[in-house]
Trainee: 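Can you read through this structure? Questions will come right after.
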Number of protein chains: 2
Amino acid sequence: MEETRELSKEISQAVISRLPRYFRYLGELKDEGVTRISSKELSDLMHVTASQIRQDFNQFGGFGQQGYGYNVEFLYDEIGNILGLNKTHHLILVGAGNLGQALVNYMNFKRRGFLFRGIFDKNPALYGKKIRDIEVQPMENMEQFVKENNIDIAVLTIPKTSAVEVAGILSNCGIRGIWNFAHCDLNVPPHIQVENVHLSESLMKLSFLLKNEELE
Amino acid sequence: MEETRELSKEISQAVISRLPRYFRYLGELKDEGVTRISSKELSDLMHVTASQIRQDFNQFGGFGQQGYGYNVEFLYDEIGNILGLNKTHHLILVGAGNLGQALVNYMNFKRRGFLFRGIFDKNPALYGKKIRDIEVQPMENMEQFVKENNIDIAVLTIPKTSAVEVAGILSNCGIRGIWNFAHCDLNVPPHIQVENVHLSESLMKLSFLLKNEELE
């Protein structure tokens, strides 16, 4: 425990961003029955340099053995643990529009231990509607529901006009993380973790890349 | 033209990733009627150091004047131009599920010049269904449609099992960019730009942050 703690503090944002991709490739290798892989093979597969791979894994104390390479299943499990995927997360969805419904319907999240437990919307026309067997409830029920059901993550698929207010309410009722799709920054207390998905900004990056390619 | 070319080549990925956020804040300031802003004020607003802001803008030749600060509208327009938002992009959506529908319905894209022109799906039950006045067509029509309608961006909201094949077809019919929501890497020719949105990986990052917070 102590060791993990020390290590995780030092991990750079860049490495954290790369971990889920390693996890995905190792999961695919595992599914294909591959039991071990060298950093060179993993490098060819992922189009990342072998030295980058070794450096990244060294941040967590290695995992590899000289001449043997990496044990796929062990590495997969270890990275899963580092990512906190060895425990179940309880989620609520706030905003039951198309995007929210898409997320609740995405089965892979469940497989990874992310369980949607409640869905909230301010549109009365949606109350009682079921998405994957979960009924849409009025926003007014959200706070109590979070407190009573040990919810740790709230997924915000609401417009930015209401996201700041909702984040404020959530901050005071025990939520630990917000997965924010609203196109704004949430100023929440530092003990609450926020991961933003700003789709417009992603599309603008693509636009930039197209323009840059044009100029070359 | 030559100067832009030189400049854009040198811009780091990190700066590119920050540009859309500057653009968003400047747009909001503009809407509020703010005409000029110092890097200190922008820094307080965005929670980024003033020196970071100056460094970022210097990559494009500055924009600011000593003692005056930045002209909000000018800076907004310049960053928009750098991001390629001063021209219209023509998009197709491939995969008309909840996520795809959410993207087509998101009006902000249109406001930024990203126009959905065609929607394709392999599910016959969806053929003819209209999303924002655009009819869902069979996948078989995609290639010809892209060629005939000057489409530059394809948005892939399909499972990873078909994404690689679809990306291959698109690569050969004139597409310039792919906005990829499928949870896989696309190996397309280098002249085609890919921007990935891997939602699972974003959620795993949040899980990592929660675990890390727990350990501290």
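Per chain, numbering begins at 1; letters A, B, ... match sequence-line order.
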Trainee: Is Phe181(A) in contact with chain B via its backbone, its side chain, both, or neither, using a 4.5 Å heavy-atom distance?
Mentor: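 Only the side chain of Phe181(A) comes within 4.5 Å of chain B.
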Trainee: I'd like to verify something: which residue of Asn98(B), Ile178(B), Leu85(B) has the highest number of heavy-atom pairs under 4.5 Å with chain A?
Mentor: Asn98(B)
Trainee: Contact part of Val194(A) toward chain B, heavy-atom cut-off under 4.5 Å: side chain, backbone, both or neither?
Mentor: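 The answer is the backbone of Val194(A).
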Trainee: Tell me, for Thr157(A) versus chain B, whether the close heavy atoms (under 4.5 Å) come from the side chain, the backbone, both or neither.
Mentor: neither
Trainee: Can you tell which of Ala102(A), Ser17(A), Pro20(A) has the highest number of heavy-atom pairs within less than 4.5 Å of chain B?
Mentor: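 Top count of heavy-atom pairs under 4.5 Å with chain B: Pro20(A).
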Trainee: Do other residues, nucleotides or ligands put more than 12 heavy atoms under 6.0 Å from Lys30(B) NZ?
Mentor: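 Counting neighbours around NZ of Lys30(B), more than 12 heavy atoms of other residues, nucleotides or ligands fall under 6.0 Å, so yes.
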Trainee: Can you establish whether the number of heavy atoms outside Asp31(B) located under 6.0 Å from its atom CG is more than 12?
Mentor: yes
Trainee: When rounded to the nearest 0.5 angstrom, what distance separates CD1 in Ile192(A) from CG in Leu210(B)?
Mentor: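 The distance works out to 10.5 Å.
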Trainee: Anything under 3.5 Å between a donor and an acceptor, one on a side chain of residues 197-205 of chain A, the other on a protein residue two or more places apart or in another chain? List them.
Mentor:
| from | atom 1 | to | atom 2 | distance (Å) |
| --- | --- | --- | --- | --- |
| His198(A) | NE2 | Ala182(A) | O | 3.3 |
| His198(A) | NE2 | Cys184(A) | O | 3.3 |
| Glu201(A) | OE2 | His183(A) | NE2 | 3.1 |
| Glu201(A) | OE2 | Arg24(B) | NE | 2.9 |
| Glu201(A) | OE2 | Arg24(B) | NH2 | 3.2 |
| Ser202(A) | OG | Trp179(B) | NE1 | 2.7 |
| Ser202(A) | OG | Glu195(B) | OE2 | 3.0 |

Trainee: Tell me which one of His89(A), Arg112(A), Gln193(A) satisfies side-chain hydrogen bond (donor to acceptor under 3.5 Å, both in side chains) with Ser207(B).
Mentor: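 Answer after filtering His89(A), Arg112(A), Gln193(A): His89(A).
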Trainee: Less than 4.5 Å to any heavy atom of chain B: does that hold for the side chain of Asp185(A), its backbone, both, or neither?
Mentor: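 For Asp185(A), the contact with chain B is made by backbone and side chain together.
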Trainee: Measure His47(A) against the heavy atoms of chain B and call it side chain, backbone, both or neither at under 4.5 Å.
Mentor: side chain
Trainee: Going by the salt bridge (Lys or Arg N to Asp or Glu O under 4.0 Å) test, which pairs reach into residues 167-181 of chain A, not counting sequence neighbours?
Mentor: Arg176(A)-Glu214(B)
Trainee: As an exercise: rank Arg21(A), Gln101(A), Glu28(A) by heavy-atom pairs under 4.5 Å with chain B and give me the winner.
Mentor: Arg21(A)
Trainee: Between Lys211(B) (side chain) and Asn81(A) (backbone), is there a donor-acceptor pair under 3.5 Å?
Mentor: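 Pair found, side chain donor or acceptor close to backbone of Asn81(A).
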